[in-house]
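Here is the naming used below: chain letters follow the sequence lines, and residue numbers restart at 1 for every chain.
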Amino acid sequence: MNEAPAHTIDPTGPLKAAPAGNPMTDAPSLFTLRNVGFRVGNRQLLHPTDLDIVKGELLALVGHNGSGKSTLLKMLARQQPPSSGAITFDGKPLQAWPARAFSRRLAYLPQQIPSAPAMTVRELTAMGRYPWHGALGRFGREDRESVERALARTNMLPLADRLVDTLSGGERQRAWLAMLLAQDASCLLLDEPTAALDVAHQIEVLSLVRQLSRATGISVVLVLHDINMASRFCDRIVALHSGRVIASGRPREIMDGATLERIYGLRMDIVAHPSADRIFAVPG
Amino acid sequence: MNEAPAHTIDPTGPLKAAPAGNPMTDAPSLFTLRNVGFRVGNRQLLHPTDLDIVKGELLALVGHNGSGKSTLLKMLARQQPPSSGAITFDGKPLQAWPARAFSRRLAYLPQQIPSAPAMTVRELTAMGRYPWHGALGRFGREDRESVERALARTNMLPLADRLVDTLSGGERQRAWLAMLLAQDASCLLLDEPTAALDVAHQIEVLSLVRQLSRATGISVVLVLHDINMASRFCDRIVALHSGRVIASGRPREIMDGATLERIYGLRMDIVAHPSADRIFAVPG
Amino acid sequence: SDTQYFRQRMPVSLPETVADIGPFWEINLERLAAIAPDAILANSSSLVMTPAIADVAPVAQVPDRAAKGQRFELAVAIMRHAADTAGVPGSDVDAFQQRIETRLSLMRQGLGRADRPMLVLLPDQNGRRAMVYGEGSLPDAVLRKLGLANAWSGPVNANGLAQVGLDALMPLAGATFVQVEIPTLKLRTARSLGRSALWQRLEPIRAQRSITIPQFHPFGGLPSAAHFAEMLVPALERLPA
Amino acid sequence: MTDLSTAAPRPVLRGASIGVAALAIAALGLVFFNLSTVAGSESWLQLLFAPDLEDPRQTVAYFSTFPRIALAIVTGLALGFAGSVFQAVLRNPLAEPGLLGVTSGAQLALAASLLYAPALWTEGYELVALGGGVFVFALVALAASGRGASAPAFILTGVVVSLYCNALYGLLILFHHDFLSDLLAWQAGSLQQSGWQSVARLTAQAGIVGLAMLFLLRPLRILSLGDGPARSLGLSPALVKVSLLGLASTLAALVTAEIGIVGFIGLAAPALARHAWPRQFANPIPAALVGAALLLFIDQALGLIAPYAGDIPAGAAAGLFTGPLLAILAVTGRQADRPRTDRMPLPSRRLARPSFALGALATLLVLAAGLSLLTGFGDGGWQIVSPTDPDLPWHWRLPRLLGAAGAGACLAIAGLLLQRALRNPLASPDLVGVGHGAGLGLIIAFMIVPAGAVWSKLAVSAAGAAAVLVLVAVLARRASFQPERTLLVGVGLGSMVHALLVLFLASGGPNGAALLSWFSGSIGAVRIAEGVMVCVVALATVVVALVFHRWLAALPLGDQTSLSIGITPRIARTMLFAVAAVAIAAATMIVGPVSFVGLIVPHLVSQAGFQRTRDIVLACALSGAIFLVGADFIGRNLAWPWPMAPGLIAALLGGPIFLWLIWRGRSQ
Ligand SMILES: Nc1ncnc2c1ncn2[C@@H]1O[C@H](COP(=O)(O)OP(=O)(O)OP(=O)(O)O)[C@@H](O)[C@H]1O
Ligand SMILES: Nc1ncnc2c1ncn2[C@@H]1O[C@H](COP(=O)(O)OP(=O)(O)OP(=O)(O)O)[C@@H](O)[C@H]1O
Ligand SMILES: [Mg+2]
Ligand SMILES: [Mg+2]
């Protein structure tokens, strides 16, 4: 992979950005996107893009509202077919995967969480086991264990028997996250999983995700609005602007005033963290 | 109003916290809550609370997930009646206000934004004018102006003719915000208005709200998860924990490690902003 | 109105010049006005459904309610009402009625004292239920005239008809079944009855004491009654003792 | 204020679950009682396995009573199961097994084969019926999956196709009177049996289909999360919906082919089960058990009173029992206003210049009116009348024209008002019960009107309609006009009155045919005063709808948003309900219950691309009028001198147009 210096890509540059491959290692790629674009009517929501996502990687998708983050994530999650280009997942074309096999490997949390009618948190989490036991399989011991594990990890055990519709915004988001974890997929696609969470729970969820990735090697693609959380927890950050990848690289490379201003259109100062060994950005 | 030092309230203190009145001025109160509580079945979601919100104030409601922020806001917005205690709005009991008169004075943005079937952004924003022209009144020049002004303020003019349901998460939130602004209410109740916005738009929206408050004296109650945004833009911060007000005061008083730890259960360091004259908190 | 139903159900052949003015529940007013009749014979439901026919010509309402056991008298009243409205001289009307009455009493003697009660019925196409003609229906009136007993004494509706399950016919052992046969429905009805276990177990069927008669006009006047009798009696005579 | 009934699950023994238990016990009690009266002292086991066929009582018990009990249980199970699946997949309390046109398809196939291909039919009429049903379902599934197989797409195409089949069936019956009595009996759906044959066949067929559906119970539960999450859990929503709805429709078609239409069990059983066990909404098994208990109870109760009132068909009588049951559930239930997850299929494209399109509709209406006035089929074939001709055609044709135009507009706008206020694409004028009430008035007129006295159809049907309307309004008010509960009230009362009508029709006699035709509408008897009156009401309704167009736009956003901009949902819905009721009453008096116009025209108009509420109101009024004027013209001339009901013609005209619009939009 020819390696272009990550953050020098000029947003008004040539239409087809250089493949934002992962400079770190030549590990086997989870997703390879070649010339993937999405168009609705005459609007090109995502311009043809090349992107490689490596197995076990924690990737943050950042960008202004309407930059195409959810559009890209929906295509990766096979919720909507790309208008152009091809996506391969784990070496095979995305469409080639049978439905349940794909769901055993990939779990997707949408941005707008639907209302789960008259279901308790535990019942909702148990739904996540469907790809494993299918329509007829027994809901076995292993399924029960993975449901309890998922509830424990998102510390939803105290609310396990509450109706999902009666939970607060943050609690409901964690309930759906529990369902995703119960899916035991090796790749998580999370669209703003921390939007409704308070800061403590944000850190809890993101540390859980990173710890899972370190321990079991699952790869996670997160859409995040908080650049500090992205830089603190993710291995790589890909920035979108008006449907184009304008920057991609390790947090250190992205976390600088000029790049952040190109991504968000806002002066941000980079400050060293008083007690921890990391930097964070503060709006000017 | 007997004035208790704001941030020394001990969460396990006497059941009825001292009225968290606004120490700043004895301005006329917008909301007075006396002993207001909310209970569902045997769960007390909000313990009896006394709270005074002053006209023209920018108040932030913060707290962990499930601390009762939305429950409190829904009661202020008359979306659900309190189980105990009384709320007065602008001097009159909350129930006494006729529907449209109340909507001319108060606009409420819910946490979960409903879907607007087959409606463009401009049509949705125009719905906000209903309290002024009612069912029969003409949609006059003044209504059109206030709709255009609302769209301009949330810079949704470029998307004005798009169907609301085809917008991205952030864009849709700003569309509903435009509807609220078009209501020209003197009090805004916003439940996490910036949850889906990128940092630039967050600052844009919150500066707009503050600037409106300064210029026209409207009072705003915001539920926010980002304590830095709360301290930067709001006059006062009220913190809830498990249905109780555990802290209330000016941002300076709340923004200290101990208090924040009591609110969120997370060590946070307070850092001075490099270029601007304010402080902000960073998770430990 | 509904000349096709009349041609299908009545033996009398209707001249081609007779124009059809639509169903009785929605008369074609334009055509009626074009014909510009002197008088209109209609029953109450036509008047309720299309009251505007009164604008075209004076409406003589046909009697359609029979007191208990008076169905034959109603048939006569219908015939007389139509004849009077049409201006037929009284003597001809009496002669017509007398001719039919004598014909019926002749048939009555021919039959002698038949001891078996009759059940006039129209089985459903799915072989589970049947429409029986009870007290107050035209067949019942004719049976009385012929001195025959009607086997059905159960509840009936305003027109003397009743929809019953075949199980209700089980107690009618010893009766003779008079099955009305409608050409378009014959095929399917026969097939379903053949496969209906309960029908085969009914005593009259097991004893082959069942006759079929062609379709007739159940809501008519004296001519319809005569037509029904003309079909019933020969079929009864063919029946072995 | 939205009430908080979705709080933590309360103890299981709710009022409704006690009710269900009582129902089951009562049903069993009746069974034992009836059996003992029929079979006397013999032990039932001995009777069941070794009946002495010489003894008439044992024969009746063995060939009629036992099969009837078994059939009631099997049919109740099948309809309850199918109804619950329909309501869970389509997320609409009004969805019932016959919704997707499978039953009307089966009915049409049966009638057509009897008339035109008797040979085809003799082998096995079940095959013909099933074939018809499956063909119709394939058509609906194809059209709906074009629009992403969303619930509203299924509902709308299903309703249109079933109305279309009913219209064709109505035409067949019109030209072949002999089938009338069978049609009436078939619509009444009696459970009478004369042997074990049909019970065995139905049990086997329904058993196989039911078993196949048991495999899909889990996907059904996952589908209730919404299409997106279901897809991410490895389910193809379109495939699961098509297979579930297909199997459920087959179940309904099997029952209908065997015993005819058993109304409302498929609607009431799931509703009762949902109230008794709210958390089991996506599990059809409790609904199936409730269905069995319900139908067994009704059929046995009818068996009890058969000696006195004659054999009353259970299918029709079911409405008499389930109707009040649904109304009670609506008034006592406290279902919160559940946000709808499935949106209407997005219209293909918004009209660039709606005012231009409105102008086109207006000219189309004028053209249709002129055509209807000036031309007509007569003795000498088609005749064109010059406008200056003497008054003959005017005198007879003008009243019909005014009646058709006014009634069409009234029904279309009323349908729009109800669908927006009650937020349900299936809300149609029938819900208000006026059509049925008017029909009831007519029955009373036929039965008890003394000979000689002539009541005008208008007065009689107005009295019936007013009575039912007041009842619906009072009950809906008690249910604080909440969308789902108001729907249940409308359906409940409607089904009760409908049952009375079907019972009257099935009892035979000439008036049955009159009522049957009245039910698909009749414009022939409209008088000038009535025509003018309905046009005035239509204009008033248009004005009121235009004036309150903001309510029409705000209510679909949900009660929370309406409340926050100062609209009290309850008051808005009451007003819109009242206006719709008046418009429906006026239209129904004149042309009878033409449900197609009220149900489909609002969807037709929005699919055509009208967006602003005011444009939609005007477009609805114009399209409704055009439909009925066209239907009147064609109805008057196609089978001259016999009339063809406008309801049938409107469905024949509207069906294809609607399917084309849905199909045209499938690219988005
Ligand atoms: N169905 C659609 N039709 C037309 N435009 C669409 C559609 N869906 C999305 N868009 C547009 O595409 C752009 C990208 O949408 P997307 O949801 O990917 O944004 P996003 O990056 O997720 O933004 P956010 O951070 O607000 O969620 C937006 O401008 C949106 O308006
Ligand atoms: N209808 C209900 N029935 C039972 N409990 C409820 C109901 N609604 C909310 N709760 C509980 O009340 C608590 C407060 O809810 P609320 O929505 O006010 O929290 P919140 O402060 O808005 O949290 P978040 O930041 O996640 O939005 C939560 O624990 C929630 O589970
Ligand atoms: Mg997004
Ligand atoms: Mg909240």
By a 4.5 Å heavy-atom criterion (distance strictly below it), what part of B/Ala135 contacts chain D: side chain, backbone, both, or neither? both

For D/Arg550 and B/Phe139, which heavy atoms make the closest approach, and how far apart are they? NH2-N, 3.6 Å

Residues, nucleotides or ligands: over 12 heavy atoms within 6.0 Å of B/Arg162 CZ: yes

So which residue, B/Leu189, B/Leu136, B/Leu106, B/Leu124, ends up with the most heavy-atom pairs under 4.5 Å with chain D? B/Leu136

Can you say whether B/Pro114 sits under 4.5 Å from chain D via the side chain, the backbone, both, or neither, judging by heavy atoms? side chain

Region of D/Ser564 in contact with chain B, defined by heavy-atom distances below 4.5 Å: both

Counting heavy atoms not belonging to B/Glu142, are there more than 12 under 6.0 Å from its CD? no

Minimum heavy-atom distance D/Arg612-B/Glu123, with the two atoms named: CG-OE2, 4.0 Å

Contacting moiety of B/Arg105, where chain D heavy atoms sit under 4.5 Å: neither

In terms of heavy-atom pairs under 4.5 Å with chain B, the winner among D/Leu546, D/Thr568, D/Thr561 is D/Thr561

B/Gln79 side-chain N/O to D/Gln560 backbone N/O, donor-acceptor pair under 3.5 Å: yes

Looking only at heavy atoms, the pair that brings D/Ile565 and B/Pro131 closest together is O-CG, 3.4 Å

Just checking heavy atoms, which of residues 179-188 of chain B are less than 4.5 Å from chain D? B/Met179, B/Gln183

Could you report the tightest heavy-atom contact between D/Leu563 and B/Arg78, atom names first, then the distance? CD2-O, 4.0 Å

Using a cut-off of under 4.5 Å for heavy-atom pairs, which of D/Gly566, D/Ala553, D/Ala572 has the most such pairs with chain B? D/Gly566

